[in-house]
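The first residue in the sequence is number 1, and the count goes up from there. Atom set for the values below is all heavy atoms of this structure, side chains included, hydrogens, waters and symmetry mates excluded.
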Amino acid sequence: MISATPILFRAIIVSLMTVSLSVAMEEGQLLHGLSKFFQRTIPPKKYPMLHKPIYGCVGCMASFWGAVFYTLTAPLLGFNVFEMAYVMMMGVALNFIFVKLS
């Protein structure tokens, strides 16, 4: 049985992490160079399906970066494919809530 507490904890971390990453990649911020690198290597017109989840849409970013975060924390917190899907979906939902509230 999957416990709701670790899922919610991971989803909140994923959401906050991706919102922070998105803000840090804006022009004039610390990671703007990373954003420029992504724009050169994954141009939106050539790879529209990769552009949004990697750097183009703060709501969509939780799916890609959530999977990365979940995989990196799996040795510490455990790994379950269904739990990973829940974390990613909840992260996306939280990001869209944050975007709508801002």
Using the rule that two of Ile, Leu, Val, Met, Phe, Trp, Tyr join whenever any of their side-chain heavy atoms come within less than 4.5 Å, decide whether [X] and [Y] are in one cluster.
| X | Y | value |
| --- | --- | --- |
| Ile7 | Phe79 | yes |
| Val81 | Met89 | yes |
| Phe98 | Phe9 | yes |

Anything under 3.5 Å between a donor and an acceptor, one on a side chain of residues 15-31, the other on a protein residue two or more places apart or in another chain? List them.
residue: Ser15; atom: OG; partner: Asn95; partner atom: OD1; Å: 2.5
residue: Thr18; atom: OG1; partner: Val14; partner atom: O; Å: 3.0
residue: Thr18; atom: OG1; partner: Ser15; partner atom: O; Å: 3.1
residue: Thr18; atom: OG1; partner: Asn95; partner atom: ND2; Å: 2.7
residue: Ser20; atom: OG; partner: Leu16; partner atom: O; Å: 2.8

> Considering residues, nucleotides and ligands other than Phe37, do more than 12 of their heavy atoms fall under 6.0 Å from its CZ?
Replying inline: no
>> I'd like to check the side chain to side chain donor-acceptor pair (under 3.5 Å) partners of Tyr70; sequence neighbours left out, ordered by chain and number.
In response: Arg10, Glu83
Going from [atom1] on [X] to [atom2] on [Y], what distance comes out if it is rounded to the nearest 0.5 angstrom?
| X | Y | atom1 | atom2 | answer |
| --- | --- | --- | --- | --- |
| Thr71 | Met84 | OG1 | CE | 4.0 Å |
| Leu8 | Leu94 | CG | CG | 7.5 Å |
| Phe38 | Leu34 | CZ | CG | 4.0 Å |

> Would Val92 and Met61 satisfy side chain to side chain contact (heavy atoms under 4.5 Å, CB included), going step by step from the backbone distance to the final call?
Replying inline: CA-CA 7 Å; Val92 169; Met61 285 171 65; over 6 Å; no
> Considering residues at least two apart in sequence or located in another chain, which fulfil the side chain to side chain contact (heavy atoms under 4.5 Å, CB included) criterion with Tyr47?
Replying inline: Ile42, Pro43, Leu50
>> My understanding is that a hydrophobic cluster links ILVMFWY residues whose side chain heavy atoms are under 4.5 Å apart, including indirect links. Using that, what else belongs to the cluster containing Ile97?
In response: Leu101
> Mind checking who shares a hydrophobic cluster with Met49, ILVMFWY linked at side-chain heavy-atom distances under 4.5 Å?
Replying inline: none
Minimum heavy-atom distance [X]-[Y], with the two atoms named:
| X | Y | value |
| --- | --- | --- |
| Met88 | Gly66 | CG-C, 4.2 Å |
| Cys57 | Phe96 | SG-CZ, 4.3 Å |
| Phe64 | Pro53 | CB-O, 3.3 Å |

> Which pairs pass side chain to side chain donor-acceptor pair (under 3.5 Å) with one or both residues in residues 52-67, sequence neighbours excluded?
Replying inline: His51-Tyr55
